[in-house]
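We name chains A, B, ... by the order of the sequence lines, and we start the count at 1 in each one.
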Amino acid sequence: MNNSIIVRFAPSPTGPLHIGGARTALFNWLFAKKNNGLCLLRIEDTDKERSKKEYENQIIETLNWLEINPDKEPFKQSLNINKHVEVANKLISNGNAYKCFCTHEELEKEKELCRKKNLPYVYSRKCRDKEESSGIFVVRFKSKATGISQLDDLVQGKIQILNSTIEDFVILRGDATPTYQLSASVDDHLMNITHVIRGDDHKINTFKQVQIFEAMGWHIPKYAHIPLIHSREGKKLSKRDGTATVEDYQKIGILSESLRNYLLRLGWSYKDKEIFSLEESIQLFNLEGIGKSPSKLDIDRILSLNETYIKNFNELKLFSYFTKYINDFKNKIDEDSLNKIKINFGVFKNKAKTLEDIYNNCKFVFDYKKIDIENLINKDEKNLMSLFAEKISQIQYNEHDKIKQVIEVIIDEKKIKYKDFGQPLRLILTGTKFAPSINEIIVCLGIVETKKRLSLYF
RNA sequence: GGUCCCUUCGUCUAUCGGUUAGGACAUGUGGUUUUCAUCCAUAAAAGAGGGGUUCGAUUCCCCUAGGGACCGCCA
């Protein structure tokens, strides 16, 4: 096996897995699998305030749900802090970084001044060549002050930037802990990362991190910055949209297969192909197919894709997804009902876009409420129903065919359309107008239950 | 404000200088149907604007407009 390619997905455990993060993870994983490489998971937990163990677990579980499994145990960044600090010291000793004794107040003043003059702010670099003094200090990297840097991005192409716009960024805080720019660079090096595939929001950071690599004489990985995902309105996805995290989609009963397929096709394409199995994704994925512009999330497309998956899914497997879904997000269904649902699962999954739809479709089996018959059903219909109730009273529990016959006789005798009979009966039996066909309802419920429900009214 | 990036139907996208600009979702219409849905058929729908380059530009270049990202001792 050729392990020459190593990528990583590096979320910070400060919240549940973001939908954009899931896509980044997917692209990394696919790229690694396609190239017989390794995909690693690095938990960037150096922000002690905001990092939570529960989120770390949740992210790992969610990735697992999406079947995006890292090739090694998750790597926790906080465990490597000593090494990051070592590098910072090395950078000081080789003249690429320096101690900065400026206080917050001083920096505030600098910023204030710039604001007044309407100038863009970058740190003045005034500690750069100053004698060391005493007190609390941060360590800053000596960033290039003039000229232009270029990044050959695998997705975005050539990106040039004015070096003067990047300040001497902090690599070690006042409490001697490393910042993101340092930790990420050091870990990418230590983990032998060959390709950094991450969100577009990190693009400018790359110019900082590459400089650390250069100063340390390390081999620089290749970078691919993928465009961000926006909300329908074209804005940044916020928690309020209810569509920002993977969990939001789990809640409404989206299958991991369809979410993964959707994410794959969002910002990436292969000809006109829409449906990709996991194997096909691995086989066909490439960085060249990633578009340059940000894309908007389209819930209708997710739903439609999910519907397609539900239709074509192995029924037994789908049922096991369904029971897990109920278990995680809904009230428990009694065993007898669950069994009825299982036997007639095809009926319920038929009209469903989501697992939640399936749940709602079969709700009448386990959660029946008596309807307001006076207002919902007129007198003629009531007579029909009562006639029907009477005629089936002698029918045995397994004689479904006889019920069919009874119905046919009634509509024939009364010279009515099937619809005129079916709709009130559907309402009585299920409590709703939108339910399966009459036969399916009766089969699902069983004749005993059917009679029982009718007997509530007649 | 500065730096950088992006721009094909409403949405995701195909096209890698010559196409009736294709597909999918959503939408409209018609049909099938035992409600609803499915399903089938069909329609409408796009190259932001302006300059170049070229025999020819959606495609290459420039400008404008619009959108986005970043500008922390967060990651």
What's the gap between B:A14 and B:C36 when it is taken at their C1' atoms, as a whole Å value? 36 Å
Just checking A:Lys417: base, sugar-phosphate only, or nothing, at a heavy-atom cut-off of under 4.0 Å? nothing
Hey, does the side chain of A:Thr179 come within less than 4.0 Å of B:C73's phosphate (OP1/OP2), counting only N and O? no
Name the pairing partner of B:C55, where a pair is Watson-Crick or G-U wobble with both distances under 3.5 Å, or state none. B:G18
When the ring centroid of A:Tyr180 is compared with that of A:His202, is the distance short of 6.0 Å? yes
Pair listing, side chain to side chain donor-acceptor pair (under 3.5 Å) test, anchored in residues 422-446 of chain A, at least two apart: A:Gln423-A:Arg426, A:Ser437-A:Glu440
Do you see a donor-acceptor pair shorter than 3.5 Å between the side chains of A:Asp188 and A:Ser185? no
A:Lys382 atom NZ, neighbour heavy-atom count above 12 within 6.0 Å: yes
Expressed in angstrom and rounded to an integer, what is the separation of A:Phe348 atom CZ from B:C36 atom C1'? 15 Å
Spacing between A:Leu182 atom CG and B:A75 atom C1', to the nearest angstrom: 14 Å
Please list residues of residues 283-300 of chain A whose heavy atoms come under 4.0 Å from any atom in RNA chain B, ordered by number; otherwise none. A:Lys292, A:Ser293, A:Pro294, A:Ser295, A:Lys296, A:Asp298, A:Asp300
As its Watson-Crick or G-U partner within any shown strand, both distances under 3.5 Å, B:A43 has B:U27
5'-most contact on RNA chain B: A:Ala352 or A:Thr46, nearest heavy atom basis? A:Ala352
Want to settle it: does A:Gln156 or A:Ile302 sit nearer the 5' end of RNA chain B, counting the closest nucleotide to each? A:Gln156
What's the closest nucleotide to the side chain of A:Ile204 if the choices are B:G23, B:C73, B:C70? B:C70
For A:Leu303 and B:A37, give me the distance from atom CG to atom P, rounded to whole Å. 15 Å
Between A:Phe285 and A:Trp268 (judged by ring centroids, cut-off 6.0 Å), do the two rings come close enough to count as a pair? yes
Counting heavy atoms not belonging to A:Lys391, are there more than 12 under 6.0 Å from its NZ? yes
Indicate whether OP1 or OP2 belonging to B:A75 is found under 4.0 Å from a side-chain N or O atom of A:Ser183. no
With sugar-phosphate meaning primed atoms plus P, OP1 and OP2, does A:Arg50 contact a base, only sugar-phosphate, or nothing at under 4.0 Å between heavy atoms? base
Counting only non-hydrogen atoms, which of residues 419-444 of chain A are less than 4.0 Å from RNA chain B? A:Gln423, A:Arg426, A:Lys433, A:Phe434, A:Ala435, A:Pro436, A:Ser437, A:Ile438, A:Asn439
Integer angstrom distance from the C1' of B:U59 to that of B:G52: 15 Å
Report the base-pairing partner of B:G1 (Watson-Crick or G-U wobble, both distances below 3.5 angstrom), or none. B:C71
Give one of base, sugar-phosphate or nothing for A:Asp175, where a contact means two heavy atoms less than 4.0 Å apart. nothing
How far does the C1' atom of B:C73 sit from the matching atom of B:A69, given to the nearest Å? 23 Å
So A:His202, base contact, sugar-phosphate only, or nothing? Heavy-atom distance under 4.0 Å. base
With sugar-phosphate meaning primed atoms plus P, OP1 and OP2, does A:Val170 contact a base, only sugar-phosphate, or nothing at under 4.0 Å between heavy atoms? sugar-phosphate
Nucleotide B:C71, atom P - distance to CG of A:Leu162 in whole Å: 18 Å
Which part of the nucleic acid, if any, lies within contact of A:Gln160, taking any heavy atom under 4.0 Å across all strands shown: a base, the sugar-phosphate backbone alone, or nothing? sugar-phosphate
Within 6.0 angstrom of A:Ile416 CD1, more than 12 heavy atoms from elsewhere: yes
Write down the distance separating the C1' atoms in B:U29 and B:C12, rounded off to the nearest Å. 25 Å
Rounded to whole Å, CG of A:Asp200 lies from C1' of B:U3 at a distance of 14 Å
The Watson-Crick or G-U wobble partner of B:U35, with both key distances under 3.5 Å, is none
With rounding to the closest Å, how many angstrom separate the P atoms on B:G23 and B:G30? 23 Å
Rounding to the closest angstrom, what is the interatomic distance between B:G72 and B:U53 at atom C1'? 46 Å
In whole angstrom, give me the gap between the P atoms of B:C61 and B:G67. 24 Å
B:C39 P sits how many Å from A:Asn350 CG, rounded? 10 Å
If you measure only the distance, is there a donor-acceptor pair under 3.5 Å linking the side chains of A:Asn163 and A:Ser149? yes
Is a side-chain donor-acceptor pair under 3.5 Å present for A:Asn28 with A:His195? no
According to a strict under-4.0 Å criterion, is A:Lys311 in side-chain N/O contact with OP1 or OP2 of B:C39? yes
Establish, from distance only, whether the side-chain atoms of A:Arg198 and A:Thr206 form a donor-acceptor pair under 3.5 Å. yes
If I take atom OH in residue A:Tyr418 and atom C1' in nucleotide B:U34, what distance separates them, rounded to the nearest angstrom? 6 Å
With distance as the sole criterion, is a donor-acceptor pair present between the side chains of A:Glu233 and A:Ser231 under 3.5 Å? yes
Which value, in whole Å, describes the distance between the C1' atoms of nucleotides B:G28 and B:C60? 39 Å
A:Asn306 and A:Tyr249: side chain donor to acceptor below 3.5 Å: no
From OH of A:Tyr270 over to P of B:C16, roughly how many Å is that when rounded to an integer? 14 Å
Is it the case that B:C36 (base atoms only) and A:Lys351 (side chain only) share a donor and an acceptor within less than 3.5 Å, ignoring hydrogens and angles? yes
